[in-house]
Engineer: 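One structure, pasted below without further comment.
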Amino acid sequence: MSVVTSRHGRVLIIRIDREHKRNALNAEVTAGIDQAMNELEDDPDLWVGILTGGPRMFSAGADLATGPGEPTERGGLVGIIHRRRVKPMIAAVEGLALGGGVELVLCCDMVVAARTAQFGLPEVKRGLMPDFGGAFRVTRVLPRNIANEMLATGDNLTAERAERLGFVNHLTEPGAALDGALALAERIVANAPLAVRAALGTAHREVTPDESASWEYSDATHAELLKTADLTEGLAAFFERRPPTWKGE
């Protein structure tokens, strides 16, 4: 199993467990996340979800060898990217969250991260762009210029800086992000569940506009990148572990 779940009272922990592949997102991970998210949404005894990964890698993003698999009926990409959900989600991040890993974090309502965690959108280093919504969602949780720098350089943002900028809710010592997320979840489940969902739902309507135009532009732009020689070179360089030679074509 590439995704495992466990229950802690009214909290469902969803853990990506493909460490030998840096928790890269393939069809099995997509199916696992989708199944877990369906369980969270459908079970009235579950009030909060936590999404986490391994101690060194939250997720390296989409598996460049196989892709993330087909979108699911209820969750879309990776079983969560397009999902319309009502229950709170917390990301518990240790190690690296890269590419699609960051885009999974962006699907959550709150973030607890170890001080040593890092977030990055390195797609431009491969001749790609973030195509799981990260190119437009990251600008909602970070100041515009910081988001632009992440997108254009592909460089990582440390958890400590992310906390100062308001992206990370709580920092923990290494190895304690999940415990920190559980503590936050327990504070949430102490409250009336319908009231929590109503409050967050109202907040989402205020800060998250209709994404249809953004998805249309992102998908079209990404489709054009898939035709470029630079993408072929970027992927070849990645698998051959060498610096790419860009041609701008």
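Small disclaimer: the values here were computed from a predicted structure and weren't measured.
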Engineer: Could you tell me whether the side chain of H82 and the main chain of L77 form a donor-acceptor pair under 3.5 Å?
Structural biologist: yes
Engineer: Can you name the closest pair of heavy atoms from E70 and T30 and give their distance?
Structural biologist: O-CG2, 3.7 Å
Engineer: Within this structure, what is the CD1-CE distance for the pair I188 and M110, rounded to the nearest 0.5 Å?
Structural biologist: 3.5 Å
Engineer: Any side-chain heavy atom of V196 within less than 4.5 Å of one from N191?
Structural biologist: yes
Engineer: Could K21 and E28 be called an ion pair, given the rule that one side-chain N must be under 4.0 Å from one carboxylate O?
Structural biologist: no
Engineer: Output all residues satisfying side-chain contact (heavy atoms from CB on, under 4.5 Å) with K227, sequence neighbours left out; order by chain, then residue number.
Structural biologist: E224
Engineer: Quick check against the 3.5 Å criterion: does N169 have a side-chain atom that pairs as donor or acceptor with the backbone of V112?
Structural biologist: no
Engineer: Please check if the number of heavy atoms outside R140 that lie under 6.0 Å from its CZ is greater than 12.
Structural biologist: yes
Engineer: Start with the C-alpha gap between D17 and M1, add the side-chain angles, then the distance that decides, and say whether side-chain contact (heavy atoms from CB on, under 4.5 Å) holds.
Structural biologist: CA-CA 7 Å; D17 187 21; M1 294 290 291; over 6 Å; no
Engineer: What are the two closest non-hydrogen atoms of F132 and P68, and how far apart are they?
Structural biologist: CZ-CG, 3.8 Å
Engineer: Looking at CG of N23 and CE of M57, how far apart are the two atoms once the value is rounded to the nearest 0.5 Å?
Structural biologist: 7.5 Å
Engineer: Can R10 and D43 be counted as an ion pair, charged N to O under 4.0 angstrom?
Structural biologist: no
Engineer: Nearest 0.5 Å, what's the CD-CG distance between E39 and L46?
Structural biologist: 6.0 Å
Engineer: F238 versus K125: any side-chain heavy-atom pair under 4.5 Å?
Structural biologist: no
Engineer: Decide whether V141 and L184 are clustered together by the hydrophobic rule: side chain heavy atoms of Ile, Leu, Val, Met, Phe, Trp, Tyr closer than 4.5 Å, transitively.
Structural biologist: no
Engineer: Is there a path of hydrophobic side-chain contacts, each under 4.5 Å between heavy atoms of I/L/V/M/F/W/Y residues, joining V111 to L12?
Structural biologist: yes
Engineer: Are the ring centres of F167 and F119 closer than 6.0 Å?
Structural biologist: yes
Engineer: Determine the minimum heavy-atom distance between P243 and E233, stating which atoms define it.
Structural biologist: O-OE2, 4.3 Å
Engineer: Given side chains that start at C-beta, do those of D219 and D131 come closer than 4.5 Å, heavy atoms only?
Structural biologist: no
Engineer: With a 4.5 Å limit on heavy-atom distance, are the side chains of W246 and T228 in contact?
Structural biologist: no
Engineer: Would you check if F58 and V102 make a side-chain contact, meaning some heavy-atom pair closer than 4.5 Å?
Structural biologist: no
Engineer: When you look at H8 and I50, which way does the side-chain contact (heavy atoms from CB on, under 4.5 Å) test go after all the steps?
Structural biologist: CA-CA 10 Å; H8 290 252; I50 295 175; over 6 Å; no
Engineer: Donor-acceptor pair, distance only, cut-off 3.5 Å: does the side chain of K247 make one with the backbone of A229?
Structural biologist: no
Engineer: Please answer whether the main-chain N or O of S214 pairs with a side-chain N or O of S218 as donor and acceptor at a distance below 3.5 Å.
Structural biologist: no
Engineer: Less than 4.5 Å apart, side chain to side chain, heavy atoms only: is that true for L226 and L128?
Structural biologist: yes
Engineer: Where is the tightest heavy-atom contact between V29 and S2, given as atom of each residue plus distance?
Structural biologist: CG2-CB, 3.7 Å
Engineer: Do L151 and V124 have side chains that approach each other closer than 4.5 Å (heavy atoms only, starting at C-beta)?
Structural biologist: no
Engineer: Should we count CD of E240 as having more than 12 external heavy atoms under 6.0 Å?
Structural biologist: yes
Engineer: Check whether L106 and I90 end up in the same hydrophobic cluster, where Ile, Leu, Val, Met, Phe, Trp and Tyr are linked by side-chain heavy atoms less than 4.5 Å apart.
Structural biologist: no
Engineer: Assigning hydrophobic clusters by single linkage (Ile, Leu, Val, Met, Phe, Trp, Tyr; side-chain heavy-atom cutoff under 4.5 Å), is L182 placed with V48?
Structural biologist: yes
Engineer: Test your reading of the model: is there a side-chain donor-acceptor pair from E41 to the backbone of V86, 3.5 Å cut-off?
Structural biologist: yes
Engineer: Within a 6.0 Å radius of atom CZ on R84, are there more than 12 heavy atoms belonging to other residues, nucleotides or ligands?
Structural biologist: no
Engineer: So how far is it from L225 CG to R126 CZ, rounded to the nearest 0.5 Å?
Structural biologist: 14.5 Å
Engineer: CD of E123 to CG of L64: how many Å apart, nearest 0.5 Å?
Structural biologist: 9.0 Å
Engineer: Could you tell me whether D63 and R18 make a salt bridge, using a distance below 4.0 angstrom between a side-chain N and a carboxylate O?
Structural biologist: yes
Engineer: For residues W47 and I14: do they belong to one hydrophobic cluster (side chain heavy atoms under 4.5 Å, members Ile, Leu, Val, Met, Phe, Trp, Tyr)?
Structural biologist: no
Engineer: State whether the side chain of E94 and the backbone N or O of G175 hold a donor-acceptor pair below 3.5 Å, judged by distance alone.
Structural biologist: yes
Engineer: Can you find a pair of side-chain heavy atoms, one from V93 and one from V168, that are under 4.5 Å apart?
Structural biologist: no
Engineer: Roughly how far, to the nearest 0.5 Å, is CD1 of I33 from OG of S59?
Structural biologist: 7.5 Å
Engineer: Between R85 and K87 (side chain of the first, backbone of the second, donor and acceptor by atom type, cut-off under 3.5 Å), is there such a pair?
Structural biologist: yes
Engineer: Between R83 and G79, is there a donor-acceptor pair closer than 3.5 Å when you use the side chain of the first and the backbone of the second?
Structural biologist: yes
Engineer: Of all heavy-atom pairs between A177 and A114, which one has the smallest distance, and what is that distance?
Structural biologist: CB-N, 3.9 Å
Engineer: Please report the shortest heavy-atom distance between A65 and F239, naming the atom on each side.
Structural biologist: N-CZ, 4.0 Å
Engineer: For A147, is there any backbone N or O sitting under 3.5 Å from a side-chain donor or acceptor partner on T139?
Structural biologist: no
